[in-house]
Amino acid sequence: MEQSFYDQVFEVVRLIPKGRVTSYGAIAKSLGAGGSARMVGYAMSNAPLAHPPIPAHRVVNSAGLLTGKFHFKTPDLMQELLEKEGIVVKGDKIQNFKKYFWDPLIEI
DNA sequence: GGATTGACGTGTC
DNA sequence: AGACACGCCAATC
């Protein structure tokens with residue numbers, strides 16, 4: 001089976017603890033992809049196609065902005081899920097992003 | 001197999 | 001502070 005970056009990305013995203021978030025770049029780095037942060041986001045396009053559900057709402061860009069919220073079923077869903085996990089989101093942006101940040105490089 | 005595409009990142013104007 | 005530009009790199013057309 002060709003485990004493309006997509007599968008690797010999915011795997012990492014699924015490892016994100018509840019109430020935590022991470023950035024595309026961090027995931028890419030943990031995969032050894034380095035600057036291919038775009039690939040991570042690109043992979044997430046296939047997230048809804050993945051068999052196990054992927055908590056894509058826990059993945060945001062380096063600024064803590066919910067850039068991919070429009071790719072969800074509904075744009076508000078992402079923020080709702082995050083707030084439900086205790087994360088404060090204001091203006092499509094995560095507050096105390098640094099505090100909620102989960103680094104796969106460290107945790108894995 | 002070249003061109004296009006992206007849920008990004010960092011830097012510059 | 002906000003807008004714009006370029007770079008990265010793999011998958012898809």
Side-chain angles (χ1 to χ4, degrees):
Chain A
M1 351 239 234
E2 288 92 56
Q3 290 212 325
S4 49
F5 276 94
Y6 288 25
D7 298 302
Q8 297 182 53
V9 171
F10 298 153
E11 200 175 339
V12 174
V13 174
R14 280 193 227 115
L15 292 175
I16 301 175
K18 183 183 170 215
R20 285 292 165 104
V21 292
T22 191
S23 68
Y24 301 96
I27 294 173
K29 241 180 178 180
S30 71
L31 297 177
S36 51
R38 310 182 76 161
M39 299 295 85
V40 178
Y42 194 48
M44 300 304 285
S45 294
N46 287 314
L49 304 179
H51 283 203
I54 298 179
H57 59 277
R58 293 182 190 151
V59 186
V60 296
N61 68 357
S62 62
L65 202 63
L66 311 185
T67 50
K69 71 173 199 170
F70 292 106
H71 288 256
F72 283 76
K73 184 146 191 177
T74 61
D76 296 328
L77 182 61
M78 188 173 190
Q79 181 172 334
E80 277 186 42
L81 290 171
L82 288 172
E83 289 182 336
K84 205 174 167 190
E85 298 189 354
I87 298 174
V88 182
V89 181
K90 185 174 185 179
D92 299 340
K93 190 173 140 213
I94 295 178
Q95 304 300 300
N96 301 320
F97 175 58
K98 243 171 146 182
K99 179 173 158 190
Y100 294 117
F101 187 73
W102 177 81
D103 193 342
L105 286 168
I106 299 174
E107 304 294 338
I108 292 182

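Quick note: numbers below take in every heavy atom, side chains included, and nothing from hydrogens, waters or symmetry partners. None of these values were measured; they are calculated from a predicted model. Here is the naming used below: chain letters follow the sequence lines, and residue numbers restart at 1 for every chain.
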Rounded distance (Å) that lies between atom P of B/dC8 and atom CG of A/Asn61: 7 Å

Rounding to an integer number of Å, can you tell me how far A/Lys93 NZ sits from C/dA1 P? 10 Å

Using the side-chain contact (heavy atoms from CB on, under 4.5 Å) definition, which of the options A/Gln79, A/Met78, A/His57 pairs with A/Val89? A/Gln79

What is the separation between atom CG on A/Leu82 and atom C1' on B/dA7, rounded to the nearest whole Å? 13 Å

Between B/dC8 (P) and A/Leu65 (CG): distance, integer Å: 9 Å

Atom of A/Glu85, atom of A/Lys18 and distance for their closest heavy-atom approach: CD-CG, 3.7 Å

Applying side chain to side chain donor-acceptor pair (under 3.5 Å) as the test, list every pair that has at least one member in residues 36-47 of chain A; sequence neighbours left out. none

May I ask you to say what A/Ala28 touches in the nucleic acid, namely base, sugar-phosphate or nothing, with a heavy-atom cut-off under 4.0 Å? nothing

Quick one: closest heavy-atom pair of A/Val9 and A/Met44, and the distance? CG1-SD, 3.9 Å

Surrounding CD of A/Glu11 (heavy atoms of other residues, nucleotides or ligands, distance under 6.0 Å), is the total greater than 12? no

Every protein N/O lying under 3.5 Å from an N/O of nucleotides 8-12 of chain C:
{"from": "C/dC8", "atom 1": "N3", "to": "A/Arg38", "atom 2": "NH1", "distance (Å)": "3.0"}
{"from": "C/dC8", "atom 1": "N4", "to": "A/Arg38", "atom 2": "NH1", "distance (Å)": "3.1"}

Atom CG of A/Leu31 and atom P of B/dG9: how far apart are they, to the nearest Å? 14 Å

Just to be sure I understand the rule, does A/Thr67 reach a base, reach only the sugar-phosphate, or reach nothing, if contact means heavy atoms closer than 4.0 Å? sugar-phosphate

Would A/Phe10 and A/Asp7 count as a side chain to side chain contact (heavy atoms under 4.5 Å, CB included) here? Give the steps. CA-CA 5 Å; A/Phe10 298 153; A/Asp7 298 302; 4.3 Å; yes

